[in-house]
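Down below is the structure, laid out as structure tokens.
Residue numbers start from 1 in every chain, and the chains themselves are labelled A, B, ... in the order their sequence lines are given, proteins ahead of strands.
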There are 2 protein chains.
Amino acid sequence: MSWKLDSDRPIYTQLLEILQINIVSGHYPPGSKLKSVRELAMDAGVNPNTMQRAFAELEQQGLIRTERTAGRFVTEDTEMVGKTRETIAGAQLDLFLEKMEQLGFGRQEIVEFVSTRALAQAGRRNSASAGSDTNGGAQA
Amino acid sequence: MSWKLDSDRPIYTQLLEILQINIVSGHYPPGSKLKSVRELAMDAGVNPNTMQRAFAELEQQGLIRTERTAGRFVTEDTEMVGKTRETIAGAQLDLFLEKMEQLGFGRQEIVEFVSTRALAQAGRRNSASAGSDTNGGAQA
DNA sequence: ATTACTGTATTAAGCGCTTAATACAATAAT
DNA sequence: ATTATTGTATTAAGCGCTTAATACAGTAAT
């Protein structure tokens with residue numbers, strides 16, 4: 001787990017996003033049990049109260065289910081997880097497009113920019129499995 | 001001018017980004033005079049101190065020049081402006097790619113995702129001038 | 001039954017951001 | 001010379017986020 005936190009935004013918001021991503025990417029499988037609030041807070045280096053707050057919002061979105069004393073579990077509604085993944089991806093794209101257009105880039109330019117730079121030297125890793133994986137190995 | 005501010009991040013940071021974009025996109029031409037701190041603060045609906053703080057950081061980056069009592073002016077170093085534009089665009093792309101990969105998307109998928117959705121219904125506007133403009137009408 | 005581990009709630013303190021209300025020096029405009 | 005406008009600095013107050021230090025209720029394990 002990464003837990004890269006910056007001081008520019010509320011920590012509980014960032015924790016929420018990280019937890020979301022770990023769920024919709026399949027890193028936290030449907031139905032699996034999550035670590036306790038205290039343990040995750042330790043991992044992330046934050047106060048348990050802060051992690052608790054992140055969970056409160058995460059649960060409100062239906063991605064996790066809480067059992068009073070047993071702990072928290074990832075939802076088993078794989079369809080919802082998948083939809084959430086698409087929603088987040090779409091939102092990220094919209095944000096990106098908005099910024100690029102504000103910078104004066106046209107749609108055509110943006111596509112070329114992304115194509116050129118994204119396929120160039122990639123992230124170095126998984127240069128083998130890449131190329132024909134249409135699902136990225138995520139979710140159900 | 002937009003001045004869309006959210007409460008999730010420091011306002012002066014957001015003001016800084018907006019000012020940056022207006023400069024590197026050519027909306028604030030090189031050498032042009034900017035409105036006063038007080039006036040811009042009014043436009044944005046923030047306290048003059050907050051706008052002042054944004055300017056302090058903006059000047060530190062060299063995008064503007066301050067003349068004690070005459071006001072602030074956009075730099076005339078068009079090369080720097082252009083480089084800054086590319087730097088911001090690259091940073092935005094990197095952020096986007098990172099999020100998408102965390103969501104489980106592969107590079108190939110991302111390119112297809114962007115190509116499909118970015119060229120689909122666009123932003124509705126400038127459907128006429130789009131298509132062959134390789135510079136977006138920005139900077140020098 | 002006792003122990004350990006869940007989620008949850010409360011209180012107080014500290015810190016950064018923001019605002020409000022001024023004030024001052026330097027220059028441009030009249 | 002006077003007035004208006006510029007950037008800039010200062011002080012105090014309020015607010016949200018974060019942390020620390022607890023505490024409690026419910027359940028699983030022993």
Side-chain angles (χ1 to χ4, degrees), chain A residues 1-20 22-23 28-29 31-76, chain B residues 1-20 22-23 28-29 31-76:
Chain A
M1 187 67 285
S2 49
W3 301 121
K4 293 183 208 162
L5 303 173
D6 65 279
S7 57
D8 232 35
R9 294 181 308 149
I11 295 180
Y12 79 90
T13 298
Q14 300 179 54
L15 295 176
L16 174 62
E17 292 175 359
I18 293 175
L19 293 171
Q20 276 182 330
N22 276 284
I23 291 176
Y28 289 167
S32 64
K33 185 179 186 301
L34 294 169
K35 289 186 182 178
S36 71
V37 174
R38 292 172 177 83
E39 197 170 357
L40 280 175
M42 275 287 297
D43 292 351
V46 302
N47 189 282
N49 295 332
T50 307
M51 184 61 75
Q52 165 78 13
R53 183 164 181 179
F55 270 125
E57 305 223 2
L58 187 58
E59 186 171 14
Q60 195 172 353
Q61 302 182 4
L63 284 180
I64 60 174
R65 154 181 49 99
T66 300
E67 292 181 6
R68 312 295 262 87
T69 67
R72 289 187 164 91
F73 301 84
V74 176
T75 181
E76 294 170 8
Chain B
M1 186 67 287
S2 49
W3 302 121
K4 292 183 209 163
L5 304 173
D6 64 279
S7 58
D8 231 36
R9 295 182 307 150
I11 294 179
Y12 77 90
T13 299
Q14 300 179 53
L15 295 176
L16 173 63
E17 293 174 358
I18 292 174
L19 293 170
Q20 276 182 329
N22 275 286
I23 292 176
Y28 289 167
S32 63
K33 185 178 185 302
L34 293 170
K35 288 184 182 178
S36 71
V37 174
R38 293 173 177 81
E39 196 170 358
L40 280 175
M42 275 288 296
D43 292 350
V46 301
N47 189 282
N49 295 332
T50 307
M51 184 62 74
Q52 164 79 13
R53 184 164 180 179
F55 271 125
E57 305 223 2
L58 186 59
E59 186 170 15
Q60 196 173 354
Q61 301 181 5
L63 285 180
I64 60 174
R65 154 180 50 97
T66 299
E67 291 180 8
R68 311 295 265 87
T69 67
R72 290 186 163 91
F73 301 84
V74 177
T75 181
E76 294 169 6

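The shortest distance between side-chain heavy atoms of B/T50 and B/F55 does not fall below 4.5 Å. Using a 4.5 Å cut-off on side-chain heavy atoms (C-beta onward), B/M51 and B/N47 make no contact.
For A/R72 and C/dT6, the shortest distance from a side-chain N or O to OP1 or OP2 is not below 4.0 Å. At the phosphate of D/dT5, neither OP1 nor OP2 sits under 4.0 Å from any side-chain N or O atom of B/R38.
Here the side chain of B/E59 pairs no donor or acceptor atom with the backbone of B/R65 at under 3.5 angstrom.
In this structure, B/M51 atom CE and C/dT19 atom C1' are separated by 14 Å, rounded to whole Å. Taking atom CD of B/E67 as the reference point, atom P of D/dT6 lies 14 Å away to the nearest angstrom.
Relative to the side chain of A/Y12, the nucleotides D/dC17, C/dA26, D/dT8 differ in distance, and D/dC17 lies closest. The side chain of A/E39 lies closest to C/dT6, out of C/dT19, C/dG7, C/dT6. Of the candidates C/dT8, D/dC17, D/dT19, the closest approach to any side-chain atom of A/T50 belongs to D/dT19. Closest to the side chain of B/R53, from the set C/dC17, D/dT8, C/dT8, is C/dC17. Which of C/dC17, D/dA20, C/dA20 sits closest to the side chain of B/N47 comes down to C/dA20. Nearest to the side chain of B/N49, among D/dT6, D/dT19, C/dA20, sits C/dA20. Taking only side-chain atoms of B/S36, from C-beta outward, the nucleotide of C/dC17, D/dT6, C/dT6 with the closest atom is D/dT6.
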Step by step, would you call B/T66 with B/R72 a side-chain hydrogen bond (donor to acceptor under 3.5 Å, both in side chains)? CA-CA 4 Å; B/T66 299; B/R72 290 186 163 91; 3.3 Å; yes
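Of the residues near DNA chain D, B/T66 and A/A70, the one whose nearest nucleotide (by heavy atom distance) lies more toward the 5' end is B/T66.
Across all strands, A/F55 comes closer than 4.0 Å to no nucleic acid atom at all (heavy-atom distances).
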